[in-house]
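Quick note on labels: first sequence line is chain A, next is B, and so on, each numbered from 1. Since this is a predicted model, take the numbers as computed values, not measurements.
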Amino acid sequence: MTYAPETIEPKWQRRWAERRTNEPDLDRAERPFYNLMMFPYPSAEGLHVGNFYAFTGADVFGRFMRLRGYTVFEPMGFDAFGIHSENYALKVGIHPGVLIPRNIQNFTRQLTALGGMFDWKHVLATTDPDYYRWTQWVFLQLYHAGKAYKKKAAVNWCPSCKTVLANEQVEAGVCERCKTPVEQRLLEQWFFKITDYAERLLANLDDKSKMDWSATTTTAQRNWLGRSTGAEIDFAVEGPDPIRVFTTRPDTIFGATFMVLAPEHPLVDRITTATQRSAVDAYRKAAAAQDVVSRKVGDKEKTGVFTGGHATNPATGRQIPIWIADYVLMEYGTGAIMAVPGHDERDFAFATRFGLDLVRVVAGPDETESTPLTEAAAEVEGSRLVNSGDFSGRTVADGTTAIVGWLESRGVGKGVVKFRLYDWCISRQRYWGPPIPIIYCGDCGPVPVPEKDLPVQLPELEDFRPDDSGVSPLARHKEWYHVACPKCGKEGRRETDVSDTFLDSAWYFLRYLSTDFADRPFDQTRVRKWFPVAQYIGGNEHAVLHLLYARFVTMVLHDLGLLPAEEPFRRFRAHGLIVKDGAKMSKSRGNVVVPDEYIAKWGADTLRMFLMFLGPFEEGGDFRDAGLIGPRRFLERLWDLVGQCERRTLTGEEIHRDIVVKWNATKKKVTHDLETLGYNTAIAAMMELLNAMRDSNCAERQIVKDLVVMVAPFAPHFAEECWERLGYPTSVFDAKWPIWDEALTIDHVVEIVVQVNGKTRSTVRSPRGAVQDAVLPRALADDTVKRFTEGREVRKVIFVKDRLINIVVG
RNA sequence: GCGAACGUGGCGAAACUGGCAGACGCGCAGGACUUAGGAUCCUGUCCCUCACGGGGUGCGGGUUCAACUCCCGCCGUUCGCACCA
């Protein structure tokens, strides 16, 4: 019988479904292991090989844990709302409500063909009213907790997608999806107060008991949160309120020779003098009209206008001019800065451009207070404050503390912590999303939709094209739009914004557990058993947004007493990226790998093994068609070995000692490598064992059986079939993961490298554990070694047990 | 500019806390078996050299008996962030 994946793969997929092999009893699981992977957006193109790579890597781990005796819950779902779906629907002229189910069906077919151990009983789609009903419920929980609010804000508007974008969806000033330059618009938006959680979101990143995450991912989150410590300092101006600035360098305050306010700063009006009025107004107008692109691009020339007003530097007591400039952003800090041109690049550029004063307040070890400044001087080792009154001579660190203390004692400043993180704008003026469950009433104001009235169904809308009004197309559906106020019964109108897809995905891992409950978002018993997620695998492109939002929503729900943990994902690993022949896969290059063809030609098991063998899972790999033959050959050889051992069974004593050692060492290595997602080396180790068996003509049943179990996570259909051929009636996934004898993982005899002056000259075989005195004479007796030691004095011998002996001669 | 990761044969890659660099796989070369081979099996395969030997992990230094691994300085690639005060 030859190995024919095209028949055995469908056979086992059918049998898994019939036997409900992959549907664990969620209520009775004794050793639950929640194995999560990022659910896909069901595109019309179908799953690409990158998805397969991620899912296979996650699935291998799930199957491995199952073989180790865990009850593994491995659900799958579809992230089907959002601009992506909607734009595509508009393009092809088919309603997303029609397209999405079609795509989901195709995805399901592909996922089945992949052979993942998905629990289809708990499948979900975010577009399903039974799902988004609870997404709306999540919104209401946040609303009631005071973490959702509406504000008018300058937001990013994509004129092509005709929608508001979150700051995170703007990349260097252009829309992340369509690359159109983004404009600024002022709209009422719903926000979540994620900034309230900044400190906790940051602190938990270092808490290994809560989060065991890829370092690259935590680093990205840390940067995104952007904590900086500094001070808020008040600069007195004429009139009641001083101008408050935020600075990370309060130590340089004696060098603050002017101030800059954001053009939008509320105090600008009051400060501006009559003579400067028209110039200021013109500049503010220009800045307001400007899109976010050029506003935030860093390396353009500085612009700005003098307001005519002055403020008092609280350290020097001097009057300093107040300017406005668009390089100061209203959203960050206080929207105003003290400019220290001597020690800040941007301020330096600005001061140079407009001829403003420069004062050196920090000097390096080779500099003095009067060393001229040709550029903004950075702090170096041994820098000290100069020209800073009583604080001159102090180190930067020391001076910072002292100056903040001094400002605090005088009531003009205080040490503060700021975050780069913004509140999460969840409003989308689009059609294809869950309506935000709020009703506006003339008398009662905004009223949350009562939970019993959920879901707020997304109405059927023939024409769902967004328009330029900035108002969602939902407003055009009059019967839906007009609704009675839940509080007073008078006529109200619905919120027409839908929520961001990131809200859908911020809690889906909770819903998986309880898709069989219609009356609650997640069952408390289930959650207590299965939450937090034991392992989450996904792409690092979601390192900040999705993962941060999921953490935030979890934290809020935890604080509301609804979840037993505040961090949702105990272990997170980011998989690498798959490229094709060294180049990124993209439609425009025409090098997108469609997995279906490969499954048809090679079988899913070979494809899975190949993908896992490409390179380290967390680093990705290069998909080259030529490589598939390797894993395929391995499977065929193992297949043949299974056939041979059906006929031949040797007893333990007959097995060559070398093979026994290799066998045990392989079990140990494969186990360890799987734990650390070292799939490529695990496969290599199995290949080595197989090669060793073939070389010594060994088809020992015990070893073959172990190999079949170890290969099962990678090639599940193949392993099932082999398991059956070996005569077992049950699923191989009900088998036990092989154990090994530690004493048999190492050989009695070792090869010790003999070096002379650090260069390898020979090797000697020696019993394991031999001491230097036993090895040295034999090493010196070696012919090759003799050639290099003869006539020279042995000065030193370095001996590393069981590994190496280095003879240093002079 | 800032931050992070990385750089090893023709190619994808291995190498535990510093201890034989190139496991495993692809490809390639030679051979066997075949009517045939783009199937299968065997042998070989870092570079130079007939050999002895020498050189070799992006480049230049350093530490060490010993460096892919540690330290310093460059170069390059990729990915984040980017006027964040």
With both distances kept under 3.5 Å, what pairs with [N], Watson-Crick or G-U wobble?
{"N": "A67(B)", "answer": "none"}
{"N": "G37(B)", "answer": "none"}
{"N": "G60(B)", "answer": "C72(B)"}
{"N": "C2(B)", "answer": "G80(B)"}
{"N": "U8(B)", "answer": "none"}
{"N": "C16(B)", "answer": "none"}

By salt bridge (charged side-chain N to carboxylate O under 4.0 Å, His left out), which residues pair with [X], not counting sequence neighbours?
{"X": "Asp782(A)", "answer": "none"}
{"X": "Asp206(A)", "answer": "Arg222(A)"}
{"X": "Glu597(A)", "answer": "none"}

Considering only the P atoms, how many Å lie between G56(B) and G61(B), rounded to the nearest integer? 12 Å
Return each pair, listed once, that meets salt bridge (charged side-chain N to carboxylate O under 4.0 Å, His left out) where at least one residue sits in residues 243-263 of chain A; pairs must be two or more places apart or across chains.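 Listed once each, the pairs are Glu232(A)-Arg244(A), Asp234(A)-Arg244(A), Arg249(A)-Asp251(A).
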Residue pairs involving residues 674-692 of chain A (criterion salt bridge (charged side-chain N to carboxylate O under 4.0 Å, His left out); sequence neighbours excluded): Arg68(A)-Glu675(A), Lys662(A)-Glu688(A)
Base, backbone or nothing for each nucleotide of nucleotides 39-46 of chain B, written B, S, -, heavy atoms under 4.0 angstrom, 5' to 3'? -SS-----
What nitrogen or oxygen pairs link the protein and nucleotides 76-78 of chain B at under 3.5 Å?
none

Got a sec, which residues hit side-chain contact (heavy atoms from CB on, under 4.5 Å) with Phe788(A), two or more places apart in sequence or on another chain?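 Scan of Phe788(A) (side-chain contact (heavy atoms from CB on, under 4.5 Å), adjacent residues dropped) gives Val756(A), Arg761(A), Thr784(A).
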Quick check: Phe191(A) with Trp424(A) (ring centres under 6.0 Å apart)?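 Between Phe191(A) and Trp424(A), which both carry aromatic rings, the centre distance is not below 6.0 Å.
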Give every pair of a protein N or O atom and an N or O atom of nucleotides 54-57 of chain B that lie under 3.5 Å apart, one pair per line with the distance.
unit_1 : atom_1 : unit_2    : atom_2 : d
G54(B) : OP1    : Arg761(A) : NH2    : 3.3
G54(B) : OP2    : Arg761(A) : NH1    : 2.9
G55(B) : OP2    : Lys759(A) : NZ     : 3.2

Within residues 673-687 of chain A: residues closer than 4.0 Å to RNA chain B (heavy atoms):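 Only Asn680(A), Thr681(A), Ala684(A), Met687(A) qualify.
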Enumerate all atom pairs, one protein N or O and one N or O from nucleotides 1-12 of chain B, separated by less than 3.5 Å.
unit_1 : atom_1 : unit_2    : atom_2 : d
G12(B) : O2'    : Leu614(A) : O      : 2.6

Under 3.5 Å, N/O pairs linking protein and nucleotides 18-20 of chain B:
unit_1 : atom_1 : unit_2    : atom_2 : d
G19(B) : N2     : Gln755(A) : OE1    : 3.4
C20(B) : N4     : Glu751(A) : OE1    : 3.2

